[in-house]
Each structure stands twice: as C-alpha cells, then as structure tokens.
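Worksheet for the structure shown next.
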Amino acid sequence: MANFQKLTPRSEDYSKWYNELVVKADLAEQSAVRGCMVIKPYGYAIWETIQAELDRRFKEKGVKNAYFPLLIPKSFLSREAEHVEGFAKECAVVTHHRLMNDPNGRGVVVDPQAKLEEELIIRPTSETIIWSTYKNWISSYRDLPILCNQWCNVMRWEMRTRLFLRTAEFLWQEGHTAHATKEEAEDYARQMLDVYADFACIEAMMQDGKALQAGTSHFLGQNFAKSFDVQFLSKENKYEYVWATSWGVSTRLMGALIMTHSDDNGLVLPPHLAPIQVVIVPIFKKEDDLNKLLVKLNPIADQLKALGIRVKVDTDEKYTPGYKFADYELKGVPIRLAMGGRDLENNTIEIARRDIQTKETISIDGIVEKIQSLLEDIQRNLLQKALDFRIANTREVNSYDEFKEELKKGGFLLAHWDGTAETEQRIKDETKATIRCIPLADLPGHKNEPGVCMVTGKPSAGRVVFALNY
RNA sequence: CGGGUAGUAGUUCAGCCCGGUUAGAAUGCCUGCUUUGGGAGCAGGAGGUCGUGAGUUCGAAUCUCGCCUACCCGACCA
C-alpha cells in the first residue's frame, strides 16, 4: 500500500485531474459503448439527492411527473425544422426490429426482412413527441396550463465525450408546459429559472475559469403549438395557439458539482448533496476495543440519524484508519469523526472537516449539535467560496483589445455588445468566447449601464457576460 | 468526423524496435499470522482469449491491414 497513487494536481493538468477524480471517487466509469458511461452507486446516490431536491421544488410549482416514450417517429422531427437542426447530426436511428442467426457463421445479424417502414429516432429531447401528445390533451382553456416533467435518458451522438460533462447518453429532467397566455408562459419560464438558480448556478464558473452551462429554461413562444397544431378554445370561444416553456438539468450538473468544489485530495461535496454526510471511524486493535468504542459511537450515530443526517459508522477491520481517512477524503465526505482508546479515556473525539482540511479533538459532550451546525457551516462556506471565486474572476472590459487580452486569464468578462447575432458570431469566430448570460439584474460589484459595443461601437443596452466554455 | 498517441493480470506499466522456452513487475485481490491515532509488515496463493478480426510466417504480444475503445488537438454541438 506504500505506492498508492495520488490524483494528478489540478495545476499540472486540470483535465486529467477531473478524469481521474471521477473514476477514483467511484462516481462513474467508461462502458463498452463509445461515449456511454456507467454511473456507479456512489455517483448515482449524488444524482438521486439532486433529483429528490429538484423534484420537490418542481412539485411546489405545480408540476406533475409523466413519462413519454424513448422512440420518436422520424416524421415528428420533420415538423419543426429549426428545432431539429440542432440535433439532426447527432441522432441514433432505429431501422430494424429483429435479429437472426448469421447464416454464414456464428453470432447474430440484423434480419433484413425486419426493416421498419418508418424509422424511429432515439430521443435527443422530447418536445416533438410531447407536443403531439399535448394536442390530444388540450381542447379548452379549462385544460390549461399543463405542467409536466419527465426524468429520463436521452441520446446525442457526440463526437467528443467526457464523463458527466458530455456523454452520448445522459440522464436529465425535461419540463414542458403549455399555457393560455404569453405572459403566463414567460412568467413560468422565469420561475423555473429561479428554481434552478436557487439550487445551483445556471451558468457556473469552474476552477479553471471556464463556464459550464448547468441548466436551461426557455420561453418557446408558439412554435411548437403551431408545428403540432395545438389550439384551445378560449373563454371568448376563439381558437388560439398555446404558449410553451421547456426547462431542464442533466447529469452534467454532476460535472459542475465536481469541478466547482473539489481539490487535489479528491471530491469535496456540499453536505446537502453528500450521500454520506458524517463518517465515524473507530480506531481499535481488538474486537473488545471496538465494542467499547461503539458503546459511545452508536448513540451518536443514532442521534444524528434521528435528525435526518446521513451517517456511516465504519467498523471494517480490513482497512487501517489511515487508509479510511484518505479514502473518505477522496470521496468528499464533509465530516469525519475518529475515536480511539485515548479519546475513550478523555471523553473526547476527533472531528475533521473536508472542505478546509482541519481537524481538532473536542469533548463528545454536545457533539451532535456541533455536527449539525458544522454541516451548515460547510454548506455555507462552499457556496461562499464559489461565489467569491466567481466575483473575483468577473471583470469589466471596455475595448475589444482588452477583451482579447483578458480572455487569456479566464473567468467571466462583462462587456458591451450591440445585441446582434452577427457581432456575437464574429466574437466567437475570432476569440472562441461566447455570451453566457444577459444579466437581468446588477451583478455584485458591477452596475449595469448602457454603453457602446466594444466591437462595432453601436449602442449597447447593458453589459453581457462572455466566457470560454465547456 | 479529421490529425496525433495508446490498448499486455482488477489497476499502473515492462516486454514489441531486432518474431523463437512456461508472457513479467509493482500494486490490488484471497488465506494465515501480526498490526491498527494519516494510505502497515511477513509468508503463501489465485488471477492473462496480450482490445478485436484478418493477413505474413515453420512459428506472432512482437511485423502488415481493417475494426473497436480511450486520451490529446481540431471541426461539430448547447
């Protein structure tokens, strides 16, 4: 065990650090199929807490879960040309429905007799099948709004993949709502944006200064209603097209979570999302010693559990305490308690926090309350640290030259832009930077005022956020 | 999808250039003893279609070609 391998430090190779961390922390691994990953139990447990929390918040907004099929008739995708343009190049297509034994040898081949009349597309997203269904559900204004969400997998045939950040198959939720009025739909899209923003950052900054889109919420107008002819009879007895929104987050959020907080020793998890929030490591020589320790430790664990805290008592004899310490650090467990013979005599316990890597030996009196507040401290600290990092790496730039220079340093750049797609494209072509957000309110420390576009000199309503992104 | 690199034990790799005993090491795994306050020690043991398919050859982990997969660079993508 002397030659265990440490993670590649972030400063040496950020990308390599990320890849190693995902695998070593037992979150996910590659599968036999290109671009598809196996999410391991520890990684999936984190996804489940994310799911549970978001699902609760969606339901508070009146959303109901449903499930729509994986396979979409090809013809559906022909109905909304603009929508399909984004996905056409990365769709998996089902063309046959039967295999047969290879007449020339071993194995199986596709039965040419079993060709489908209409090919089916594995969903890259579900708008088309959902709107073709909504058409049947909606006839009157009394049927609106419809607020549905589904948790499912989708597939996009990506050329270059990375675990969690960009995989060919990924898990997500997609909400699709139908409303009677434009105002209501716009308001709803905005509300869902707030749900996400409250939960995580929508456009998050990673430790290497790049941006990562973690979630989206769109007001879709009447495009889908028109493509799929979804109309309702209003109070005034007139036919009108419904208004749509869609919003989603995916397992990409896991990548954001990992890259936002973790360090060279491994994962760092915010307590709210950690599958194990507190791990207790007894340090013992003989079973007898362990039993004596457990007399003290089990009641602590029980009290923590009663408070809804996820706690694990690690009595495994196979690994030494040192090994366990390092391993739980790699896995990002927020708080570690350790108790040995000395502590037993002194009525003390060692408490270590993962986020700032400190430990102290304290009396076990009041330990439960201490842990409870410490978990909140850690949660706050991690959020604050991420915010501080973002603020420290968000800068105003006033000329295109300055923009190009500052871009090399990474982070978010606040710059004036004339609002045209042409200028945005030119900036992208010349610098690779893209507009990440158009702030709806002042960002901390930056007052949003009108100005002139850094590229064209035309008027600008306010600064927008540019960054290099994943 | 283009260019580059790689694939040998669960993992990290040596062997390949220059084809020829029974394919090695470390670590992990299993058993026993001993240990346990920051990745313990000793002894024994199990573990390999050398990514895959073809070709060259008396003989292929080693040479040639196709395919698959991963990583890096690009293109594409939200």
Sugar-phosphate, base or nothing in reach of A:Arg162, heavy atoms under 4.0 Å: nothing

Please tabulate, one pair per line, each protein N/O and nucleotide N/O from nucleotides 1-7 of chain B that are separated by under 3.5 Å, including the distance.
unit_1	atom_1	unit_2	atom_2	d
B:C1	N4	A:Met159	O	3.4

Does the plane of the ring in A:Tyr134 sit parallel, tilted or perpendicular to the ring in A:Trp131? Use 30° and 60° as the thresholds. perpendicular

Whole-Å P distance, B:U36 and B:U52: 46 Å

From the list B:C71, B:A78, B:G38, which nucleotide is the closest neighbour of the side chain of A:Asn469? B:A78

For B:C30 and A:Lys318 - does any side-chain N or O of the residue sit under 4.0 Å from the phosphate oxygens OP1/OP2? yes

Base, sugar-phosphate, or nothing: which does A:Phe87 touch, judged by heavy atoms less than 4.0 Å apart? nothing

Mind running a 4.0 Å heavy-atom check of residues 202-227 of chain A against RNA chain B and sending the residues that fall below it, in number order? A:Gln213

For A:Leu337 and B:G37, give me the distance from atom CG to atom P, rounded to whole Å. 17 Å

P-based separation of B:G44 from B:G37 [nearest Å]: 26 Å

Watson-Crick or G-U wobble partner for B:C63, using a 3.5 Å limit on both distances? B:G55

Nearest whole Å is fine: how far is B:U27 C1' from A:Tyr323 OH? 11 Å

Below 3.5 Å, does any donor atom in the side chain of A:Lys359 face an acceptor in the base of B:G38, or the other way round? yes

Side-chain (A:Gln191) to main-chain (A:Lys61) donor-acceptor, under 3.5 angstrom: no

In chain order, what residues pass the side-chain hydrogen bond (donor to acceptor under 3.5 Å, both in side chains) check against A:Lys428, with sequence neighbours excluded? none

Picking from B:G37, B:G74, B:C71, the nucleotide nearest the side-chain atoms of A:Thr320 would be B:G37

Donor-acceptor pair, A:Asn393 side chain versus A:Phe412 backbone, under 3.5 Å? no

For B:G7, the nucleotide meeting Watson-Crick or G-U wobble distances (both under 3.5 Å) is B:C68

Using heavy-atom distances to pick each residue's nearest nucleotide on RNA chain B, tell me which of A:Val33 and A:Lys285 is more 5'. A:Lys285

Expressed as a whole number of angstroms, how long is the span from A:Gln30:CD to B:C68:C1'? 13 Å

Flag if over 12 foreign heavy atoms under 6.0 Å of CZ, A:Arg190: no

Searching all strands shown, indicate the nucleotide that pairs with B:A23 (Watson-Crick or G-U wobble; both distances under 3.5 Å). none

What does A:Arg252 touch in the nucleic acid at a heavy-atom separation under 4.0 angstrom: a base, only the sugar-phosphate, or nothing? nothing

Does a nitrogen or oxygen in the side chain of A:Ser15 sit under 4.0 Å from OP1 or OP2 of B:C71? no

Whole angstroms only, please: what is the NZ-P distance between A:Lys24 and B:U11? 13 Å

Using a 4.0 Å heavy-atom cut-off, does A:Gly248 contact any base of the nucleic acid, only the sugar-phosphate backbone, or nothing at all? nothing

Tell me which of A:Gly35 and A:Glu90 sits closer to the 5' end of RNA chain B, going by the nucleotide each one is nearest to. A:Gly35

Using whole Å, what does the distance between atom C1' of nucleotide B:C72 and atom NZ of A:Lys16 come to? 11 Å

Closest of B:C77, B:A78, B:C72 to the A:Arg166 side chain is B:C77

Applying salt bridge (charged side-chain N to carboxylate O under 4.0 Å, His left out), name anything that partners A:Arg342, two or more places apart in sequence or on another chain. none

A:Asn19 side-chain proximity, nearest of B:G37, B:C71, B:G38: B:C71

Integer angstrom distance from the P of B:G66 to that of B:A25: 35 Å

In the structure shown, which nucleotide is the Watson-Crick or G-U wobble counterpart of B:C17, with both distances under 3.5 Å? none

For a quick check of understanding: with a heavy-atom distance under 4.0 Å over all strands, which category does A:Glu317 fall into, base, sugar-phosphate or nothing? nothing

Classify the ring geometry of A:Phe170 against A:Trp172: parallel below 30°, tilted from 30° to 60°, perpendicular beyond 60°. perpendicular

Write down the distance separating the C1' atoms in B:A26 and B:U64, rounded off to the nearest Å. 33 Å

For A:Glu329 and B:G38, give me the distance from atom CD to atom C1', rounded to whole Å. 8 Å

Minimum heavy-atom separation for A:Thr167 and A:Glu158, please, with both atom names. O-CG, 4.0 Å

Pairing partner (Watson-Crick or G-U wobble, both distances under 3.5 angstrom) of B:G44: B:C30

Side-chain N or O of A:Tyr319 less than 4.0 angstrom from OP1 or OP2 on B:C29? yes

What heavy-atom pair brings A:Ile258 and A:Val22 nearest, and what distance separates the two atoms? CD1-CG2, 4.0 Å

Within this structure, what is the NZ-to-C1' distance between A:Lys6 and B:U12, rounded to whole angstrom? 18 Å

A:Arg10 to A:Tyr14, cation-pi by 6.0 Å centre distance and 45° axis angle: no

With both distances under 3.5 Å as the test, what is the Watson-Crick or G-U wobble partner of B:G74? B:C1

Qualifying residues under salt bridge (charged side-chain N to carboxylate O under 4.0 Å, His left out), relative to A:Arg390, sequence neighbours excluded: none

In chain order, what residues pass the salt bridge (charged side-chain N to carboxylate O under 4.0 Å, His left out) check against A:Glu90, with sequence neighbours excluded? none

A:Lys286 NZ to B:U36 C1': how many Å, rounded? 12 Å

